[in-house]
Amino acid sequence: MSHFNWQYDHCIHRWLVLTPAGCLITHAESPLEVVTCLLDLVITHKKIWALKILHRDISINNAMMYEEALPDGTIRVWGLLIDFDYTVKVDGSSRTAEPADCTGTLPFMAIELLQAGEDSSIQHTAAHDVKSFVYLLCWITSLYDGPQSQFRTDSKKLALESWYDDCDLCVLALNKEGCMSSHLHLHDITKHYSTLHPCITALSDLITEQLHAQCDACSPPAATVDFITGTK
């Protein structure tokens with residue numbers, strides 16, 4: 001969704017009925033299934049980027065999963081990326097986003113996009129979407145404490161609440177940057193997802209290291225994509 005008071009482009013609403021039907025990624029039975037689905041989503045994102053298509057709204061409600069029964073009787077879970085409302089076609093040259101193009105769902109938006117605020121020169125790149133996958137993993141492992149979308153039951157105030165509880169985008173950017181660099185969110189990882197603590201720590205450090213790096217609109221930092229997908 002857009003968080004700026006800019007005029008929207010004319011849009012056409014379409015419904016597509018597809019099969020198989022998916023469910024929220026948080027319905028996964030185990031941390032391994034969640035990571036498997038997230039990797040599918042990252043790889044899908046990389047493939048559509050190769051076709052010059054940028055998603056621009058990686059978030060909890062757009063990350064789905066579905067099950068496939070294999071010939072040997074086992075079940076394989078797959079990640080399913082949906083909601084291409086804010087997708088844009090990107091050519092091979094550096095692309096400067098128009099003001100209305102700066103989109104995303106607040107808790108999952110890249111820090112650089114939040115920092116830019118109403119700066120119309122900001123470039124929304126594939127690298128920003130890749131970082132959103134990391135924030136999505138932090139969100140799942142902090143808010144959910146079991147399979148089938150079981151929410152945590154305690155009333156602890158979570159670090160990631162500061163990622164969306166202010167109307168000032170610059171404040172949200174500072175909150176998220178401080179959280180990632182200080183590892184505050186790591187203390188909120190639930191017992192169900194405790195095995196992912198080292199993975200989330202490494203990804204958080206990677207984002208912090210690259211935070212001030214210049215994003216290339218033509219080619220997202222390969223190290224980021226390769227790190228998350230495990231190809232390097």
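If you read the sequence from its start, that first residue is 1, and numbering goes on from there.
- A donor-acceptor pair is defined here as one N or O able to donate and one able to accept, closer than 3.5 Å; such a pair exists between the side chain of S30 and the backbone of E33.
- Classified by interplanar angle (parallel below 30°, tilted 30° to 60°, perpendicular above 60°), the ring pair Y135/W163 is perpendicular.
- N61 and S59 are not linked by any side-chain donor-acceptor pair at a separation below 3.5 angstrom, with hydrogens and angles left out of the test.
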*Take L169 and Q115 through the side chain to side chain contact (heavy atoms under 4.5 Å, CB included) test and state the conclusion after the steps.*
CA-CA 7 Å; L169 298 184; Q115 289 173 331; over 6 Å; no
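- Of the inter-residue distances, the one linking D165 atom CG with L172 atom CG reads 7.0 Å to the nearest 0.5 angstrom.
- Between C23 and Y66 there is no side-chain heavy-atom pair separated by less than 4.5 Å.
- Under a hydrophobic clustering in which Ile, Leu, Val, Met, Phe, Trp and Tyr are joined whenever their side-chain heavy atoms come within less than 4.5 Å, directly or via other members, M180 and L136 fall into the same cluster.
- Counting heavy atoms from C-beta on, the side chains of T87 and R56 never come closer than 4.5 Å.
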*side-chain hydrogen bond (donor to acceptor under 3.5 Å, both in side chains) evaluation trace for S204 with H185*: CA-CA 10 Å; S204 299; H185 58 300; 2.8 Å; yes
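- Here the CG-CG distance, from L41 to L137, works out to 11.5 Å after rounding to the nearest 0.5 Å.
- With rounding to the nearest 0.5 angstrom, the CD atom of E161 is 8.0 Å from the CG atom of L143.
- In this structure, the side chains of I25 and I140 come closer than 4.5 Å at one or more pairs of heavy atoms.
- Taking every heavy atom of both residues into account, Q148 and E29 meet most closely at NE2-OE2, 2.6 Å.
- In terms of modelled atom types and a separation under 3.5 Å, the side chain of N62 and the main chain of D57 share a donor-acceptor contact.
- With salt bridges taken as basic N to acidic carboxylate O contacts below 4.0 Å, one links D40 and R76.
- Between V90 and W49 there is a side-chain heavy-atom pair separated by less than 4.5 Å.
- Judged by distance alone, with hydrogens and angles left aside, the side-chain atoms of D188 form no donor-acceptor pair with the main-chain N or O of L158 at under 3.5 Å.
- With Q210 contributing its side chain and I207 its backbone, the two residues share no donor-acceptor pair below 3.5 Å.
- In terms of modelled atom types and a separation under 3.5 Å, the side chain of T141 and the main chain of Y193 share no donor-acceptor contact.
- E209 places no side-chain N or O within 3.5 Å of a backbone atom of L206 that could act as its donor or acceptor partner.
- Remark: H45 NE2 to S132 OG distance equals 8.0 Å, nearest 0.5 Å.
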*Is there a side chain to side chain contact (heavy atoms under 4.5 Å, CB included) between I189 and L196 once you walk through the steps?*
CA-CA 8 Å; I189 296 176; L196 298 182; 5.8 Å; no
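- Between K131 and F108, every side-chain heavy-atom pair lies at or beyond the 4.5 Å cut-off.
- Residues G178 and S182 approach most closely at O-OG, 2.7 Å, considering heavy atoms.
- Between C138 and I200, the closest side-chain pair of non-hydrogen atoms falls below 4.5 Å.
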*asked:* side chain to side chain contact (heavy atoms under 4.5 Å, CB included) for L54 and H124? Distances and angles first, verdict last.
replied: CA-CA 9 Å; L54 185 59; H124 192 136; 4.0 Å; yes
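- Aromatic pair H55/Y86: ring centres not closer than 6.0 Å.
- In terms of hydrophobic clustering, with Ile, Leu, Val, Met, Phe, Trp and Tyr side chains grouped at heavy-atom distances under 4.5 Å, V77 and L81 are assigned to different clusters.
- Follow the hydrophobic side-chain contacts under 4.5 Å out from L186 and you reach V134 in the same cluster.
- K47 places no side-chain N or O within 3.5 Å of a backbone atom of V42 that could act as its donor or acceptor partner.
- At a threshold of 4.5 Å between side-chain heavy atoms, the hydrophobic network of Ile, Leu, Val, Met, Phe, Trp and Tyr places I48 and I82 in two separate groups.
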*Determine, stepwise, if the pair L106 / L114 fulfils side chain to side chain contact (heavy atoms under 4.5 Å, CB included).*
CA-CA 8 Å; L106 279 179; L114 294 171; 4.0 Å; yes
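- The minimum heavy-atom distance linking C179 with A159 is given by the pair SG-CB, 3.8 Å.
- Looking only at distances, no side-chain donor or acceptor of H197 sits under 3.5 Å from a matching main-chain atom of S194.
- In plain terms, the two heavy atoms of S162 and N175 that are nearest each other are O-ND2, 3.0 Å.
- Taking the six-membered ring where the residue is Trp, the centroids of Y144 and F151 are separated by under 6.0 Å.
- Identified under the salt bridge (charged side-chain N to carboxylate O under 4.0 Å, His left out) test for residues 140-153, with sequence neighbours left out: R152-D154.
- Nearest heavy atoms, M65 versus E67: CE-CG, 4.5 Å.
- The environment of K156 atom NZ is dense: over 12 non-hydrogen atoms of other residues, nucleotides or ligands sit within 6.0 angstrom.
- Closest approach of S149 and T26 over heavy atoms only: OG-OG1, 2.7 Å.
- Under the 4.5 Å side-chain contact rule for hydrophobic residues, L160 and L184 do not share a cluster.
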